[in-house]
Amino acid sequence: MAAAAAAFCPSFFFSLSSITDSEGKNDNVISTLNRFRNPGSLLLLRHCRGARISCSSTASDPTGVHHHQQLKSRRPPEENIREEACRRDEANASHGFSACYVPFDAPADTAETYSLDDVVYRSRSGGLLDVRHNLSALKRFPGSHWRALFDSRVGRTTWPYGSGVWSKKEFVLPEIDPDHIVSLFEGNSNLFWAERLGRDHLGGMPDLWVKHCGISHTGSFKDLGMTVLVSQVNRLRSAPLNRPIAGVGCASTGDTSAALSAYCAAAGIPAIVFLPTDRISLAQLVQPIANGATVLSIDTDFDGCMRLIREVTAELPIYLANSLNSLRLEGQKTAAIEILQQFDWEVPDWVIVPGGNLGNIYAFYKGFEMCRELELVDRVPRLVCAQAANANPLYLYYKSGWADFKPMVAADTFASAIQIGDPVSIDRAVFALKATDGIVEEATEEELMDAMSLADRTGMFACPHTGVALAALFKLRERGVIKSNDRTIVVSTAHGLKFSQSKVAYHSKEIANMACQYANPPVHVKANFGAVMDVLKKKLEGKLSL
Ligand SMILES: Cc1ncc(COP(=O)(O)O)c(C=O)c1O
Ligand SMILES: N[C@@H](CCOP(=O)(O)O)C(=O)O
């Protein structure tokens, strides 16, 4: 107890040794006192414990943001970044930062809790679980501290903070040893200012942004959750826990399987993926194959694969990697925190997320709500969940006034990664939408393909799922629900290159009953100057002064 109290007392740290700045001069009393008032300096000093004291400069600017480069001396050549992190280990546990599983939406004083080291996916009553953080421990530091700390870590190579997920480690898996973390430096994704789309096609929206979660290691937002899940498995399989987990498995529409396979391959852990035959793109199919996963192509849809993987993981020592496992959402929620950070901690008005198995919409809510609760920001944005009309159980539920949820058999959609009729996170999604005064929208095949193709015409290369979210935005603008000056974020969930076949079909105008109004097929021309000139003159009519 006394040790814990000491760990929270700034003077404890500052009494550890005399402090020298980067030029080796003694700190003066006033600046040292200033640092006592600044919790940011507290943590940064702590990072340097165990390192040479000459690297202990806590130079800070008046905003309390520290100049990281002045804090670090170059690591010895015989040490890699992981080993360096172990030496520098923060011992978060001593701050009481911790997390456990509780039943989803359980009261604060629930007695049903599970360690994150337990292999458990469902509560005693068969309901969903949630990861609950020790918020009182995190609240001992003000919101300004967390903002400055997270900002100080952006885009660095310091293990594991260079990752957009692990830069928020205290909010994600506070107790994991950096040595067990399996990270591919995910996150820190581009927030694209959709200037031309907003200005020319949405009635003048100057504050429209696309969060490119799909411009990522395996080409989708799943990397954010998978780094957390595979890191925890790595911890479980390693000493001292040495759990007999033979592999990690998932059912997938193509993105979860790609992420799982890559992270498992990086860690040397066997991956097993169940894919619905002929329902995922070729690019997605080849990803787990290339990463050496065991790939089962099963004659059913995603929901059928999901039922099978749940049965199999109940029988075999295979750890379940779908978002039914709430660990995944801890990583995915960092995309919400990253959006706030990218706006210098100003809260946007709307965030539009395409939904399938419905874990991600809750993850966004959780990230925003955690920042509100810990006073990094003062409110949360309104959330919109966008579904393909061919796979719209949440939309129908919403339209019934949340009266009647009916799982369905989802029909084929170009947004194949969200062709899901029985989403496992339905309760989480409803909770997130109710808590944010949220909305559910749907998009037909033509609407989603047109929205995607129009966005491409303004410089993006969107996937069909992003098309679903963009189509929802068009509808909400038309209805005047989203106003022209509202700061609006569309979440792009996958890289368009994974779905190039659907773009080829659209631009070849070979889709039945679809006008493909933005199709731009290539022109086949004979290999002679006259023919090329004829085509160009026709194309550029009125724009050339020849
Ligand atoms: C590209 C893409 N977008 C959106 C989603 C929907 O995410 P969620 O299942 O968490 O609703 C998925 C997966 O389901 C996906 O792979
Ligand atoms: N789109 C997902 C579907 C499964 O979702 P999960 O988040 O529960 O793993 C995929 O790519 O498999």
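For reference, positions follow the sequence shown, starting with 1. Just so you know, ligand 1 is whichever comes first in the structure, and atom 1 is the first atom listed for that ligand.
Put simply, part of G355 is less than 4.0 Å from ligand 1, judged by heavy atoms. Not a single heavy atom of G356 sits under 4.0 Å from any atom of ligand 2. By the 4.0 Å heavy-atom criterion, A417 is counted among the residues contacting ligand 2. Ligand 2 lies within reach of K222, whose nearest heavy atom is under 4.0 Å from it. Using 4.0 Å as the threshold, P354 has a heavy atom nearer than that to some atom of ligand 1.
Per-residue contacts place N357 under 4.0 angstrom from the following atoms of ligand 1 (heavy atoms of the residue considered): 8 (P), 9 (O), 11 (O). Residue I418 has at least one heavy-atom neighbour below 4.0 Å for each of these atoms of ligand 1: 4 (C), 5 (C), 6 (C), 12 (C). Ligand-side atoms of ligand 1 in range of A494: 1 (C), range being under 4.0 angstrom from any heavy atom. Per-residue contacts place G359 under 4.0 angstrom from the following atoms of ligand 1 (heavy atoms of the residue considered): 8 (P), 10 (O), 11 (O). Of all atoms in ligand 2, listed by their number and element, those nearer than 4.0 Å to a heavy atom of N357 are 4 (C), 5 (O), 6 (P), 8 (O). Close approach of ligand 2 to S252 is summarised as follows: ligand atoms under 4.0 Å from at least one heavy atom of the residue are 10 (C), 11 (O), 12 (O). Residue contact check: K222 has heavy atoms under 4.0 Å from atoms 12 (C), 13 (C), 14 (O), 16 (O) of ligand 1. Every atom of ligand 2 with a heavy atom of I420 under 4.0 Å away is listed here by number and element: 3 (C). The atoms of ligand 2 that sit less than 4.0 Å from any heavy atom of D255 are 10 (C), 11 (O).
From the protein, the heavy atom lying nearest to atom 7 (O) of ligand 1 is F221 CZ, 3.5 Å. If you check which protein heavy atom lies closest to atom 8 (P) of ligand 1, you get L358 N, 3.4 Å. With hydrogens left out, the protein atom closest to atom 7 (O) of ligand 2 is R328 NH2, 2.7 Å, a heavy atom. In this structure, atom 1 (N) of ligand 2 lies nearest to the protein heavy atom T253 OG1, 2.8 Å. Of the protein's non-hydrogen atoms, S323 OG, 2.6 Å is the one closest to atom 8 (O) of ligand 2.
Interatomic distance, OH of Y518 versus CG of D456, reported as 12.0 Å (0.5 Å rounding). The structure places CZ of R199 at 14.5 Å from OG of S484, a figure rounded to the nearest 0.5 Å. If you take CD1 on I269 and CG on N234, they are separated by 4.5 Å, rounding to the nearest 0.5 Å. Between the CD1 atom of I272 and the CD1 atom of I318 there is a distance of 4.0 Å, given to the nearest 0.5 Å.
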Is there a side chain to side chain contact (heavy atoms under 4.5 Å, CB included) between N357 and S425? Walk through the geometry before answering.
CA-CA 6 Å; N357 220 10; S425 286; over 6 Å; no
List the steps and the verdict of salt bridge (Lys or Arg N to Asp or Glu O under 4.0 Å) for R235 and D179.
CA-CA 9 Å; R235 167 184 160 88; D179 199 29; over 6 Å; no
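Remark: ligand 2 and T256 share an N or O pair separated by less than 3.5 Å (distance only, no angle test). Any N or O atom pair closer than 3.5 Å counts here, and T493 shares at least one such pair with ligand 1. Ligand 2 has no nitrogen or oxygen under 3.5 angstrom from a nitrogen or oxygen of F302. By the 3.5 Å distance cut-off applied to N or O atoms, D255 is counted among the residues near ligand 1. Between I361 and ligand 1, no N or O atom pair is found at a separation short of 3.5 Å.
The minimum heavy-atom distance linking L208 with L197 is given by the pair CD2-CD2, 4.2 Å. Scanning both residues, Q387 and Y395, for their nearest heavy atoms gives OE1-N, 3.1 Å.
For D278, the CG atom is loosely surrounded, since the number of other residues' heavy atoms within 6.0 Å does not exceed 12.
With a 4.0 Å cut-off on non-hydrogen atoms, N360 touches ligand 1 through its backbone as well as its side chain. Of all the heavy atoms of Q332, none lies under 4.0 Å from any atom of ligand 1, so neither backbone nor side chain is involved.
Of the listed residues (M205, R477, K483), just one forms a side-chain contact (heavy atoms from CB on, under 4.5 Å) with T488, and that residue is M205. Residue D349 is tested with R487, R379, R382 for a salt bridge (Lys or Arg N to Asp or Glu O under 4.0 Å); the sole match is R379. Tested against T413 for a side-chain contact (heavy atoms from CB on, under 4.5 Å), the candidates N392, T444, L448 yield a single pass: L448.
Inter-residue side-chain proximity for M460 and R196 is flagged as unmet; no heavy-atom pair is nearer than 4.5 Å.
Taking the six-membered ring where the residue is Trp, Y319 and Y121 present perpendicular rings, their angle passing 60° and hence far from 30°.
Judged by the 6.0 Å distance and 45° axis criteria, K503 is positioned over the aromatic ring of F461.
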